[in-house]
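First the structure, in the form of structure tokens, and then the observations on it.
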Amino acid sequence: MEAQIIDGKAISRQLLDELKAEVESLESEHGIKPCLATILVGNDSASQVYVASKVRMCEQLGITSYNTVLPEETTEEELLEIIEKLNADPAVNGILVQVPLPKHINEHRILFAINSKKDVDGFHPMNVGRMVIGEPHFLPCTPHGIKVLLERSGIDPSGKHVVVVGRSNIVGKPIANIMVQKAAGANATVTICHSATKDIASYTRQADILIAAIGKPKFITADMVKEGVVVIDVGTNQIGVSSTGKRILCGDVDFENVKKKASYITPVPGGVGPMTIAMLMYDTVKSAKMMNGIK
Ligand code: GUN
């Protein structure tokens, strides 16, 4: 068997086209232009690339972006002050602080400070709690993107064994929580594996749907999966730089070999990555509608 490739670029494009039409009608019918505020602190090169692509996507959709770039030595108090201003600004619908933050800043304290109604990243404890109890408002963008990828590929996780490898607050924990909910597009039996799990392969081989979010290139090899598995590769490991200065990315999955056993698989790049940005745009539009009392 050779796996069907899940084209995250094409699926995100559909979603972005729908959103662009929605942004246009928000402006023509209601005079509203959604606005996303991004904050980037420090010199992390991957974060710079991610924030730049979020800003570019805003431009393409007609969403206003308001970008704050701060030096590495910015203090927690300075950052909190900026967040307070954005919280209070009625023109701002979404606030995104790119993580990781420099080590001297307490990430939790910063994420807690964002108004949960503007927390388009879904990282605020109010939104995390709502997700866990099955009353979601904003979901974290990468796991939300995975859910939509599965839905739009006709893959229903209900009753399936979803094995998540990785327990980060951004991907592993939230996707496990989303998949276990008694809800459409979820309702799975979920196992989470992590760095202290003994014999990871004994779990990954049971997976009907395997979600790899470990951050180690080609960690998941063909002997670790069963025939017919659906593989979602969240890895974005930079393994080099091309002659034109572009980042060369490698997933957490040994794509060439695992695809021979899988029924579906996402590529890197072009799988989960584009969905993350699309869901951020989705949340920003959703926030603009909610803040203006539009259904
Ligand atoms: N760093 C890696 N992924 C994300 C994300 O989805 N949002 C933010 N704010 N930072 C990230």
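This chain uses plain numbering: 1 for the first residue, then up along the sequence. The structure displayed is predicted, hence computed values, not measured ones.
- Side chain of Lys33 to backbone of Gly62: a donor-acceptor contact under 3.5 angstrom is found.
- Of the N and O atoms on the side chains of Arg247 and Ser242, not one donor lies less than 3.5 Å from an acceptor on the other residue.
- The two residues Leu86 and Lys118 come nearest to each other via the heavy atoms O-NZ, 2.8 Å.
- The shortest non-hydrogen separation linking Pro143 to Ile175 is O-CD1, 3.5 Å.
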Could you walk me through whether Leu150 and Met179 pass the side chain to side chain contact (heavy atoms under 4.5 Å, CB included) test, one step at a time?
CA-CA 11 Å; Leu150 291 171; Met179 284 293 127; 4.0 Å; yes

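- A donor-acceptor pair is defined here as one N or O able to donate and one able to accept, closer than 3.5 Å; such a pair exists between the side chain of Ser12 and the backbone of Gly8.
- At distances below 3.5 Å, not a single donor-acceptor pair connects side-chain atoms of Ser287 with backbone N or O atoms of Asp283.
- Here the side chain of His30 pairs no donor or acceptor atom with the backbone of Ile32 at under 3.5 angstrom.
- Here the side chain of Asp254 pairs no donor or acceptor atom with the backbone of Val258 at under 3.5 angstrom.
- Applying the ring-ring contact (aromatic ring centres under 6.0 Å, His included) test to residues at least two apart or on different chains, the pairs with a partner in residues 235-288 are His144-Tyr282.
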Can I get a per-line list of side-chain donor-acceptor pairs under 3.5 Å for residues 184-191, giving both atom names and the distance, sequence neighbours left out?
{"from": "Asn187", "atom 1": "ND2", "to": "Ser158", "atom 2": "OG", "distance (Å)": "3.2"}
{"from": "Thr191", "atom 1": "OG1", "to": "His161", "atom 2": "NE2", "distance (Å)": "2.7"}

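- No donor-acceptor pair closer than 3.5 Å links the side chain of Asn87 to the backbone N or O of Ile114.
- Between Glu76 and Arg109 there is a salt bridge, since a side-chain N of the basic residue sits under 4.0 Å from a carboxylate O of the acidic one.
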Would you mind writing out the side-chain donor-acceptor pairs for residues 215-232 within the sub-3.5 Å range, not counting sequence neighbours?
{"from": "Thr221", "atom 1": "OG1", "to": "Asp223", "atom 2": "OD1", "distance (Å)": "2.5"}
{"from": "Lys226", "atom 1": "NZ", "to": "Asp208", "atom 2": "OD1", "distance (Å)": "2.7"}

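- Of the possible polar contacts, one joining the Thr204 side chain to the Ala201 backbone as a donor-acceptor pair under 3.5 Å is found.
- Contact detail for Gly235 and Val268: the closest heavy-atom pair is O-CG1, 3.4 Å.
- To the nearest 0.5 angstrom, Cys193 atom SG is 11.5 Å from Ile211 atom CD1.
- Between the side chain of Ser65 and the main chain of Leu36, no donor-acceptor pair closer than 3.5 Å is present.
- Interatomic distance, NZ of Lys54 versus OG1 of Thr284, reported as 10.0 Å (0.5 Å rounding).
- For the pair Arg13 and Asp17, the salt-bridge criterion is met [side-chain N within less than 4.0 Å of a carboxylate O].
- Not a single donor-acceptor pair under 3.5 Å links the side chain of Asn292 to the backbone N or O of Ile294.
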Between Gln60 and Met57, is a side chain to side chain contact (heavy atoms under 4.5 Å, CB included) present by the stated rule, with each step listed?
CA-CA 5 Å; Gln60 286 175 21; Met57 190 57 75; 3.7 Å; yes

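- Using a distance-only test at 3.5 Å, with no hydrogens or angles considered, no donor-acceptor pair links the side chain of Gln14 to the main chain of Ala10.
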Start with the C-alpha distance between Ile265 and Val253, add both sets of side-chain angles, then the distance that settles side chain to side chain contact (heavy atoms under 4.5 Å, CB included), and finish with yes or no.
CA-CA 10 Å; Ile265 190 166; Val253 176; 4.2 Å; yes

